[in-house]
Amino acid sequence: SALALELGSDVPFLLRGGAALGRGRGELLEVLPSLSGSWLVLAAPSIELERKTAQLYGALRSEDFSDGSRIERVASSLEAGRRPNIDDLANAFERPLAELLPEIALLRAALLVAGAPFVALSGAGPAHYTIVPELRSALEIVNRLGTERPFPMRILVARPVGCGPLIRGEKTIESFETL
C-alpha cells in the first residue's frame with residue numbers, strides 16, 4: 001500500500017477496485033457498495049493536452065471546489081443502493097478543462113444527442129461518462145454515436161464491479177447485436 005501510494009495517489013484505489021470514498025491524498029479508502037443494476041458508457045476522446053494534469057491543477061480556482069457535501073451525498077446514495085443525484089456528480093476539473101479544450105463541449109453534446117441522460121467528466125478528463133439502468137440503453141447510446149463523432153474516441157460500455165481483483169480474461173465482442 002505504501003509503494004502503491006508512492007506511485008500515485010490514485011493507485012491504492014485502482015488496485016483495490018470497486019467503489020470507495022477516498023480521503024487524504026486518496027490513500028484513506030472507505031469501501032462503498034458498487035452501483036448495481038447500472039451500466040456506464042465511457043467516451044474517451046483522442047484529444048491530447050500537453051502536461052494535462054499540471055495545467056488543470058494550475059487552472060483550478062477556489063470556486064471550483066465544493067465543501068464536500070456532494071461527495072458525501074454520493075456515498076450515502078451508494079450505501080442506500082440508489083444511483084447518485086446527477087447534480088452531485090460535479091467535478092472540479094469541468095471548468096478548467098472546458099477552458100483549455102473548448103472542443104470538449106462537442107463530446108458532451110454528442111453524448112446527449114445520442115441519448116445519454118446526463119454527461120459527467122471522469123477524473124481530470126478528457127473522458128466523459130453517463131450511467132443508464134440497462135445494457136440496452138447503453139448500447140443504444142453507442143450505436144447512435146455511430147460514425148457521427150466529433151473526433152476519434154474509444155467508447156466503452158461497462159458495469160460497476162465490487163471490490164477485488166479487476167484483471168480478468170479478455171472477451172472480444174464481435175457485435176453489439178450478439179449480446
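Because the structure is predicted, anything quoted here is derived from the model rather than measured.
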Note to self: If you compare all heavy atoms of A114 against all heavy atoms of R144, which two are closest, and at what distance to 0.1 Å?
What the structure shows: O-NH1, 2.9 Å
Margin query: I need the minimum non-hydrogen distance between P160 and S38, along with the two atoms involved.
Written below: CD-O, 3.2 Å
Notebook entry, point to check: Are any non-hydrogen side-chain atoms of P84 and L35 less than 4.5 angstrom apart?
Noted result: yes
Notebook entry, point to check: Just how far is it from atom CG of L21 to atom CG of L78, taken to the nearest 0.5 Å?
Noted result: 9.5 Å
Next item on the list: Would you check, one step at a time, whether the test side-chain contact (heavy atoms from CB on, under 4.5 Å) holds for L60 with F65?
Entry: CA-CA 8 Å; L60 286 170; F65 297 97; 3.6 Å; yes
Next item on the list: Give the intermediate values and the outcome of side-chain contact (heavy atoms from CB on, under 4.5 Å) for residues Y129 and L111.
Entry: CA-CA 9 Å; Y129 71 94; L111 283 164; over 6 Å; no
Next item on the list: Kindly work out whether a path of hydrophobic side-chain contacts (I/L/V/M/F/W/Y, heavy atoms less than 4.5 Å apart) joins L107 to V113.
Entry: no
Item checked: Stepwise side-chain contact (heavy atoms from CB on, under 4.5 Å) check, R73 with N85 -> CA-CA 8 Å; R73 288 191 299 269; N85 182 310; over 6 Å; no
Checklist line | Pairing of E140 and R136 as salt bridge, 4.0 angstrom limit | finding: no
Next item on the list: Would you indicate whether the side-chain heavy atoms of R149 and P45 approach each other to under 4.5 Å?
Entry: no
Margin query: Distance check, rounded to the nearest 0.5 Å: E94 atom CD versus L56 atom CG?
Written below: 11.5 Å
Note to self: Around atom CZ of F151, are there more than 12 heavy atoms from other residues, nucleotides or ligands closer than 6.0 Å?
What the structure shows: yes
Check: Is there side-chain contact between P33 and E79, with heavy atoms separated by less than 4.5 Å?
Finding: yes
Check: When rounded to the nearest 0.5 angstrom, what distance separates CD in E99 from CD1 in I104?
Finding: 14.0 Å
Notebook entry, point to check: Does the distance from a Lys or Arg side-chain N to an Asp or Glu carboxylate O, for E63 and R61, drop under 4.0 Å?
Noted result: yes
Next item on the list: Please assess M153 against H128 for the test side-chain contact (heavy atoms from CB on, under 4.5 Å), listing each intermediate value before the final yes or no.
Entry: CA-CA 11 Å; M153 67 180 78; H128 284 68; over 6 Å; no
Note to self: Can you confirm whether R159 is buried at CZ, in the sense that more than 12 heavy atoms of other residues, nucleotides or ligands lie under 6.0 Å from that atom?
What the structure shows: no
Check: Is the side chain of N91 donor-acceptor paired with the backbone N or O of L121 at a distance under 3.5 Å, no angle test?
Finding: yes
Check: Given T130, which of L112, I141, I86 fulfils the side-chain contact (heavy atoms from CB on, under 4.5 Å) condition?
Finding: I141
Notebook entry, point to check: Quick one: CG on L89 to CZ on R83, what's the gap to the nearest 0.5 Å?
Noted result: 11.5 Å
Next item on the list: For A138 and V157, work out which heavy atoms get closest and say how close.
Entry: CB-CG1, 3.8 Å
Margin query: Main chain of F93, side chain of D64: is a donor-acceptor contact present, judged purely on distance under 3.5 Å?
Written below: no
